[in-house]
Structures are given as structure tokens and as C-alpha cells.
J.: 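Would you mind keeping the following structure in view while I ask a few things?
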2 protein chains.
Amino acid sequence: MTKQLTFKNLPHKTIERLSQYRRALLLCLSNGKTHIFSHEIAKIQHITSVQVRRDLMLIGYSGTLRKGYNIEELINLIGNIIDSEEGINVAIVGMGNLGRALINYFTGKRHKLEIVAGFDTNPDKIGNRFSGVECYSITELNKIIKQKDIKVGIITVPADQTTETAKTLVKAGIKGILNYTPKPIDVPDDVYLEEYDMITTLEKVAFYVKMSDE
Amino acid sequence: MTKQLTFKNLPHKTIERLSQYRRALLLCLSNGKTHIFSHEIAKIQHITSVQVRRDLMLIGYSGTLRKGYNIEELINLIGNIIDSEEGINVAIVGMGNLGRALINYFTGKRHKLEIVAGFDTNPDKIGNRFSGVECYSITELNKIIKQKDIKVGIITVPADQTTETAKTLVKAGIKGILNYTPKPIDVPDDVYLEEYDMITTLEKVAFYVKMSDE
DNA sequence: TTTGCACTGTTATAAATTTAACAACCATAA
DNA sequence: TTATGGTTGTTAAATTTATAACAGTGCAAA
Ligand SMILES: NC(=O)c1ccc[n+]([C@@H]2O[C@H](COP(=O)([O-])OP(=O)(O)OC[C@H]3O[C@@H](n4cnc5c(N)ncnc54)[C@H](O)[C@@H]3O)[C@@H](O)[C@H]2O)c1
Ligand SMILES: NC(=O)c1ccc[n+]([C@@H]2O[C@H](COP(=O)([O-])OP(=O)(O)OC[C@H]3O[C@@H](n4cnc5c(N)ncnc54)[C@H](O)[C@@H]3O)[C@@H](O)[C@H]2O)c1
């Protein structure tokens, strides 16, 4: 009897790396490569080959000795683990500079994850399409979220609109939020939240640059 | 004799949180608040109050019992630690959708960290200003980096230009890079690197949303 | 004045994550 | 045929990070 792999308790960091591995593997595949060694993946991701092998062990994937890992197989396996079979629909609230940049970047990149609606308050934006994504009025949010079975929301509204936007999304039944505004939000326990602020990252870079000077 | 605090070996995570604390504290200060408790900071950042107190202990800050921490003092102390005294100049390469969104967001937000130049290859962009930041030709990169003493570079060029852009920045003597393209780069050991891809974050959110369903 | 309460600061412990160590494997070359 | 080298898979150890436990403190209410 083989060990049951549930993937439920994969380390959070491993989940992140699986996404990164897939991104790298897709690129390799498009370059005509069919197999790859753990140390090659490691080099791309700036980590050690042990870590790569350990992650792959955790998801139960075995490579071929001396040939490495089959890129296509591995991409598919990672997909089986991190993607949702039926796909997950995403909405983005705030079709400003950042929102449009994200839509333009993301759209069409992943099969099982799709931005299917944008929302804004600005009448000039409502009714238009941006990189193929239709922009609706914020007043229709609740309706559209349910209609299109949207599970994840990305927040890119002005900072002072963040709290209200988060509330609206939660009330509409969203299950995951990615908040790009610099205003942290509160969500119920059953909503998964990630927040990102570029300033923190930039300050971190600046800190270690300063340190290396001293 | 008091313990010498060097800040050189603060945990990486603490550095990130200090930046986040400051962001939150600045907001509180602008709302007229003068003091704050560890559990209040913790709530904002979705962490525990122990962690906040531990971080502040590491930087040697003491609050007033039953009154909490003096917000202004703490902001200044965090600044003394993570900011560079003389300030650090930043350049952004690729003045497209994302690059302009980042500039517009960041400019004027921090005293000791300033985006002082943008670079692009598109003649329509070169010579213009975006949110006050002048866009130069990529051919002038080396000269301007040295002239303006730029230490950190942000990369927001198309993915297939990433490697070349990174090389150019490194050759110009940059000490830190923040790469927003989905193409990982290699840098020498003395250059500090951070990479961020929104797809990884979004896939992580989607994964945990899927998991909560099962 | 005294007691309890709500904080802080710090040390001890636990959990998460990374790295090291090494056996097993097998293609290739001697 | 036999050693060699380079790779995987896995367990063990180390490191990093977060949490728990608790003593110390001083305000406020009794
Ligand atoms: N995390 C990061 O790295 C990062 C980078 C840049 C910007 N930001 C933040 O992202 C947010 C957006 O930045 P931007 O440059 O795109 O700003 P922007 O002003 O260009 O866009 C904001 C958009 O939100 C719309 N909007 C306003 N109120 C709304 C509401 N209540 N509901 C729905 N839509 C609403 C506006 O009409 C506009 O289209 C800001 O909060 C900014 O601070 C974050
Ligand atoms: N990390 C993220 O979350 C995220 C989000 C969105 C986009 N992106 C990535 O960021 C990058 C930029 O995205 P965008 O939407 O702004 O694209 P864009 O096409 O709008 O902008 C790219 C800019 O780079 C300029 N450019 C091209 N080649 C150059 C070179 N060699 N040197 C200097 N400038 C050059 C172009 O003229 C253009 O102005 C892309 O790689 C994209 O994949 C990342």
C-alpha cells in the first residue's frame, strides 16, 4: 500500500516554489527541452538542488536517474496539485494603473485561473474592456460575483477605499483576497488573504544594500 | 555597559515587518494617534502581539507601560535602522504599464528612498516625465547611474529583455535589484536580489481556496 | 493602601523550513 | 568486468522563525 498523498499539508513555501518551478518549466519546455536536473531548476530559482528534490519528494514525483525530471510530466503533476480541476475565477476591483497592468500581464497565462471581471466606480471605465476583461460598475459586484462563480478577488483601489472594498467582496462570498493596496485589511477566518506592498520589498532591498556598505 | 545593537543580524522577516510597522504607524500618526499597544499593531499586521514585542525588543525599543509605544519615536527608530542616512537612489527600467504604476505609487512616499530616473528604449517615452520622474534612453543608463549615484534598480521590462537588462544594471555598478518580470535572473554575490511574481501569489491564494473547499 | 488587571520585556519552547549526509542507482569508461 | 562519477530519494541535523510562558510593572478601582 503506497503512502497516501493528500497535499493538504504541504509547506506553504513548497506551494510557492511549485508555482515557480512550473513557471520555469513552462519556459524550458517552450525552448524545446524535455528533461531537467534538480540542480538546473535550483539554479534558476536561486535555491539548492536538495530543496528541489525534497519538494518533489513531497509531491511524490520521481525522476529518471541520470536523465533528470520529465518536464512535461512535472508540469502536469504540479498542475494537478495546485490548480483547481474546474478552474477558479478571479475578479479585480479598481481598474486603475496597477489593476490594468496586472490584468494585461496575467490574462491568458494560466488555464485554470482566469480574471473574468473588473470593477470600478469611474463611469469612464465601466462598460469598457481592458485586455479582454470587461469592467463592471461596483454596484453590480454582488450580482456578477455570484453569476460568474468568482472565488478570488484582487484589490487595486485607492488606499482609502480598501476597507470598504474588502467588505463588499467578503459579503459577496469571495473565498480568497489578494490585496495590493498599502492598507491592511481584516477578513473572516474562512477567507484566505495575501497582502503585498512593493514598498516593503524595496525597503528590504535598500536595507541590505546599505548593510553591505557598512 | 549596554548591549551593542548592530542590526546586522536582525532576522530577514523582522526587517520586512519593521517596514510594515512603519507603514501602519505613519497611518496611525496621520490619524492623530500618539501611542499604540503591541496588540494593536499585531491586529493590523495579522500577527501576534508577542511577535511585535519581540521585534521591538530586537531593535532595543521600549514602550511605556500601560501607555504602549510612542508612535513618533518608533517611526524614527525604525527609520534609523532600515533607512540609509544619506538616502538611496533608485532607478526603474521599463516605463510601461507596471513601471509607471509603481512610480506613481511610490514617488514621494519615503524620504530616504527615491526613484530618480526611469529608462526605456521607446523614443516616445524618452525625454518625458512620469509622475515627476524623467525617462532616459537605455543607452544613457551607465552614465546616469553613476552621475546620480543610483544604488538600486527595479526591472519592469518585457520578460525577454530581462537578462540583458539585469546585466546592464550590474555592469553599471548597481547594488540591489528588484525584479518584477517573470524571468528569474542571476546576479553576482555582492548584488542583493529580490524577485516577485504576482502569478505565484495568485496561485497560492487559489490553492488555499481550493483546499478549503475539499 | 491594597489588590487586580492589562500591559511590557525576555527567556524557554515549539514549529517550520532549510541544509547536510548518505545510500542506492546505473550509464559510461577503463 | 569493474571502478568512477553524477544523479536521485530520503532520513537526520541544523537553522530560522514563531509561539508560549511568565516575571515585572504601575495604574486604577476597591
Ligand atoms: N502593492 C503595490 O506594489 C502597489 C503598487 C502600486 C500601487 N499600489 C496601490 O494600488 C492601488 C491602485 O493604484 P493605482 O496606481 O492603480 O491607482 P489609480 O488611481 O490609477 O486606480 C484606482 C482605480 O480604482 C477606482 N476606484 C476608486 N474607488 C473605487 C471603489 N470604491 N471601488 C472600485 N473602484 C474604485 C478608480 O476609479 C481607479 O480606476 C492604490 O491603493 C495604490 O496605493 C500598490
Ligand atoms: N511581477 C508582477 O506582478 C508583474 C505584473 C505585471 C507585469 N509584470 C511584468 O513586468 C514587465 C512589464 O510589464 P508591463 O505590463 O509594464 O509591460 P509594457 O510592455 O507595458 O512595458 C514594458 C516597457 O519596457 C520598455 N522596454 C522594452 N525593452 C526594453 C529594454 N531593453 N530596456 C528598457 N526598456 C525596455 C518598453 O518600451 C515598455 O515601455 C513584463 O515583464 C511583465 O511580464 C510583472
Side-chain angles (χ1 to χ4, degrees), chain A residues 2-21 25 28 33-71 73-74 77-78 200 204 207-208 211, chain B residues 2-21 25 28 33-71 73-74 77-78 200 204 207-208 211:
Chain A
T2 59
K3 185 163 38 171
Q4 178 64 29
L5 296 169
T6 66
F7 309 132
K8 286 228 174 182
N9 30 30
L10 287 173
H12 282 226
K13 290 290 176 87
T14 295
I15 298 298
E16 284 177 19
R17 283 191 298 266
L18 288 176
S19 166
Q20 290 165 353
Y21 296 162
L25 292 168
C28 291
K33 233 167 128 71
T34 63
H35 288 75
I36 193 166
F37 295 124
S38 62
H39 67 259
E40 293 178 296
I41 300 179
K43 179 121 197 299
I44 297 171
Q45 297 303 140
H46 316 301
I47 56 179
T48 65
S49 62
V50 189
Q51 184 138 79
V52 173
R53 293 202 299 279
R54 209 173 189 295
D55 285 336
L56 299 191
M57 184 194 76
L58 290 176
I59 64 172
Y61 185 66
S62 286
T64 313
L65 196 54
R66 292 189 60 82
K67 247 180 115 181
Y69 303 96
N70 180 307
I71 293 178
E73 262 178 36
L74 187 46
L77 177 57
I78 293 176
T200 293
K204 194 178 174 191
F207 174 80
Y208 285 107
M211 276 309 165
Chain B
T2 58
K3 184 162 40 171
Q4 178 64 28
L5 297 169
T6 67
F7 309 132
K8 287 229 174 182
N9 30 28
L10 286 173
H12 281 227
K13 289 292 174 88
T14 295
I15 298 298
E16 284 176 20
R17 283 191 298 263
L18 288 176
S19 165
Q20 291 165 353
Y21 297 162
L25 292 168
C28 291
K33 232 167 127 73
T34 64
H35 289 75
I36 193 166
F37 296 124
S38 62
H39 68 259
E40 293 177 296
I41 300 179
K43 179 121 196 300
I44 297 170
Q45 298 303 140
H46 315 301
I47 56 178
T48 65
S49 62
V50 189
Q51 184 137 78
V52 173
R53 292 201 301 276
R54 209 173 189 296
D55 285 334
L56 299 191
M57 183 193 76
L58 291 174
I59 65 173
Y61 185 67
S62 286
T64 313
L65 196 53
R66 291 191 61 86
K67 246 181 118 182
Y69 303 95
N70 181 306
I71 292 179
E73 263 178 37
L74 187 46
L77 176 57
I78 292 176
T200 292
K204 194 178 174 191
F207 174 80
Y208 286 107
M211 276 308 167

J.: Within the 4.0 Å heavy-atom criterion, would you say A:T14 contacts the bases, only the backbone, or no part of the nucleic acid?
T.: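 Counting heavy atoms under 4.0 Å across all strands, no contact is made by A:T14.
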J.: Using a distance-only criterion (donor-acceptor N/O pair, under 3.5 Å, no hydrogens), is the base of C:dT19 paired with the side chain of A:R54?
T.: yes
J.: Please pick, from C:dC5, D:dT8, C:dT18, the nucleotide with the shortest atom-to-atom distance to any side-chain atom of B:R66.
T.: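 The listed nucleotide nearest to B:R66's side chain is C:dC5.
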J.: C:dC25 C1' sits how many Å from A:K67 NZ, rounded?
T.: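 These atoms are roughly 16 Å apart.
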J.: If only atom types and distance count, is the side chain of A:Q51 paired as donor or acceptor with the main-chain N or O of A:T48 below 3.5 Å?
T.: no
J.: When you match B:T64 and A:K13 each to their closest nucleotide on DNA chain C, which lands nearer the 5' end?
T.: B:T64
J.: If you compare every side-chain N and O of A:S62 against the phosphate oxygens of D:dG9 (OP1, OP2), does one of them come in below 4.0 Å?
T.: yes
J.: Roughly how many Å is it from CG in A:L74 to P in D:dT8, rounded to a whole number?
T.: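 Spelled out: CG on A:L74 to P on D:dT8 is 12 Å.
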J.: On DNA chain D, nearest-nucleotide positions of A:L65 versus A:V50: which is more 5'?
T.: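 The residue closer to the strand's 5' end, by nearest nucleotide, is A:L65.
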J.: Using a 4.5 Å cut-off on heavy atoms from C-beta on, say whether the side chain of A:H12 contacts that of B:F207.
T.: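 A side-chain contact is absent here, since even the closest heavy-atom pair is not under 4.5 Å.
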J.: Can you tell which of B:I41, B:I36, B:T34 makes a side chain to side chain contact (heavy atoms under 4.5 Å, CB included) with B:C28?
T.: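 Output: one option passes, namely B:I36.
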J.: Just call it for A:S49: base, sugar-phosphate, or nothing, with non-hydrogen atoms closer than 4.0 Å on any strand.
T.: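 Nothing: the residue A:S49, judged by heavy atoms under 4.0 Å, touches no strand.
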J.: How many whole angstroms separate atom CD of A:Q51 from atom C1' of C:dA20?
T.: 13 Å
J.: Counting just side-chain N and O atoms, does A:R53 come under 4.0 Å of either OP1 or OP2 of C:dA21?
T.: no
J.: Can you tell me the distance, in whole Å, between the CG atom of B:L56 and the P atom of C:dT10?
T.: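 Rounding to the nearest Å, CG of B:L56 and P of C:dT10 are 11 Å apart.
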J.: Below the 4.0 Å mark, does C:dG9 have OP1 or OP2 next to a side-chain nitrogen or oxygen of B:Y69?
T.: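 Looking at the OP1 and OP2 atoms of C:dG9, one of them is under 4.0 Å from a side-chain N or O of B:Y69.
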